[in-house]
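Everything on this sheet refers to the single structure shown next.
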Number of protein chains: 2
Amino acid sequence: MRIGDLATACGLTAKTIRFYEQAGLLHAPPRTSGGYRDYPSEVTSRLAFVGDAQSAGLTLAEIRSILALRDSGEAPCSHVTNLIHEHLADIEKRMSELRKTRTALRGLADRAAGTDPSTCTDADICSIIGGSTRG
Amino acid sequence: MRIGDLATACGLTAKTIRFYEQAGLLHAPPRTSGGYRDYPSEVTSRLAFVGDAQSAGLTLAEIRSILALRDSGEAPCSHVTNLIHEHLADIEKRMSELRKTRTALRGLADRAAGTDPSTCTDADICSIIGGSTRG
DNA sequence: GTAGACCTTCCAGCGCGCTGGAAGGTCCAG
DNA sequence: CTGGACCTTCCAGCGCGCTGGAAGGTCTAC
């Protein structure tokens, strides 16, 4: 199976598949006599795994580490479990940051609603934003 | 006031201030006879504004657009209000994506808790993750 | 034999907000 | 006059996951 067919089958581009190979997610496949990559069909399930893991929020580096464990014959279960919990913690952190920013922005939106542009003087640059800590 | 003093006063580095100038957030200041940047003290409040706007989640490009309006003599109020609402919408979107990913990860964590590594076969790569769409 | 669809490699850039380093100039204290 | 603290410019890289393009090779259909 050539790279274009594999790409179509997996909903990726040939570029992306070459990139995954270079990133260590895929083994280099055998080549045809003309130098074309010639993939066995099992690669589709490996790529499906990569997609599943990505949609779970894992990075390519993490996915590579899982695949490397599996390729070396070990069950990556506990490694995967750790990664999952790390990502959950990371998501909580990012969500709390977003909530903080959202609170700040809502305050600004409230202030903006009560702002009259004609009273906005140049010295402040912008009284909606700028006054928050200085005024 | 030289760049290092301004940096100290604003809690930034000289590098960052030069970068801001190059990014169009600061006007190029006059120079001393030796070629050093010589800032008027008002620049501190401009930099404070940049910091306030950044902590509200605005990008440097957006902040530049606000400053450009102000520099041209217009009150940027309505522009700023638009930006605030766009960012609020963006935050909601990102939070809902994070919630979705979190739900997926929690499902995986539950599955992981019930997984016995010895039953994990190579064909699946990882039954915790990989089985999610193919199991 | 030729068009064109596919493949190959390599190098570069995206966005974002800086940060680091090299190679050199300026200014002040001792 | 020397050291060193500061400044200047320019170029490069970070992380992340691709994506684009150039320059060329291969295979198939007509």
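Please read these numbers as outputs of a predicted model, since none were measured by experiment. Values below: every heavy atom of this structure, side chains too, minus hydrogens, waters and symmetry copies. Chain letters run A, B, ... following the sequence lines, proteins first, then strands; residues in each count from 1.
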Here the salt bridge (Lys or Arg N to Asp or Glu O under 4.0 Å) pairs for residues 78-92 of chain A, sequence neighbours left out, are Asp90(A)-Arg94(A), Glu92(A)-Arg102(B), Glu92(A)-Arg106(B)
Is a side-chain donor or acceptor of His87(B) paired with a backbone partner of Leu58(B) at a separation under 3.5 angstrom?
no
By a strict heavy-atom criterion of less than 4.0 Å, which residues belonging to residues 57-70 of chain B are in contact with DNA chain C?
Thr59(B), Leu60(B)
Taking side chain to side chain contact (heavy atoms under 4.5 Å, CB included) as the criterion, tell me which of Ile66(B), Leu12(B), Ile63(B) meets it with Val50(B).
Ile63(B)
Residues Arg64(B) and Gly24(B): closest non-hydrogen pair is CG-O, 3.6 Å
According to side-chain hydrogen bond (donor to acceptor under 3.5 Å, both in side chains), who are the partners of Arg99(A), at least two apart in sequence or on a separate chain?
none
Could you give the distance from OH (Tyr20(A)) to CZ (Arg46(A)), rounded to the nearest 0.5 Å?
12.5 Å
Test of understanding: with side chain to side chain contact (heavy atoms under 4.5 Å, CB included), list the residues that count as partners of Ala109(A), not counting sequence neighbours.
Ile84(B), His85(B), Leu88(B)
Can you list, in residue-number order, the parts of residues 27-38 of chain B that come under 4.0 Å of DNA chain D, counting heavy atoms only?
Arg31(B), Gly35(B), Tyr36(B), Arg37(B)
The helix from dG1(C)-dC30(D) to dG30(C)-dC1(D): angle between its terminal axes, five pairs each, to 10°?
30°
d(Arg18(B) CZ, Leu26(B) CG) to nearest 0.5 Å is 12.5 Å
Residues of residues 84-92 of chain A with any non-hydrogen atom less than 4.0 angstrom from an atom of DNA chain D: list those, numerically ordered, please.
none
Contact nearer the 5' end of DNA chain C, comparing Arg18(A) with Tyr20(B)
Arg18(A)
Between His79(B) and Glu74(B), do the side chains contain an N or O donor and an N or O acceptor separated by less than 3.5 Å?
no
Among all residues two or more places apart in sequence or in another chain, which pass the side-chain hydrogen bond (donor to acceptor under 3.5 Å, both in side chains) test with Thr101(A)?
none
Can you give me the first and the last nucleotide of DNA chain D (5' to 3') that has an atom within less than 4.0 angstrom of a non-hydrogen atom in chain A?
dG17(D) to dC27(D)
The complete set of side-chain hydrogen bond (donor to acceptor under 3.5 Å, both in side chains) pairs with one or both residues in residues 30-42 of chain B, sequence neighbours excluded, reads Glu21(B)-Arg37(B)
Under the side-chain hydrogen bond (donor to acceptor under 3.5 Å, both in side chains) rule, collect the residues that match up with Thr13(B), sequence neighbours excluded.
Thr16(B)
Tell me whether Leu6(B) shares a hydrophobic cluster with Phe19(B), the cluster being built from Ile, Leu, Val, Met, Phe, Trp, Tyr side chains joined at under 4.5 Å.
yes
Apply side-chain hydrogen bond (donor to acceptor under 3.5 Å, both in side chains) to His27(B) and list each qualifying residue two or more places apart in sequence or on a separate chain.
Asp71(B)
Transitively linked via ILVMFWY side-chain contacts under 4.5 Å: Ile3(A) with Met1(A)?
yes
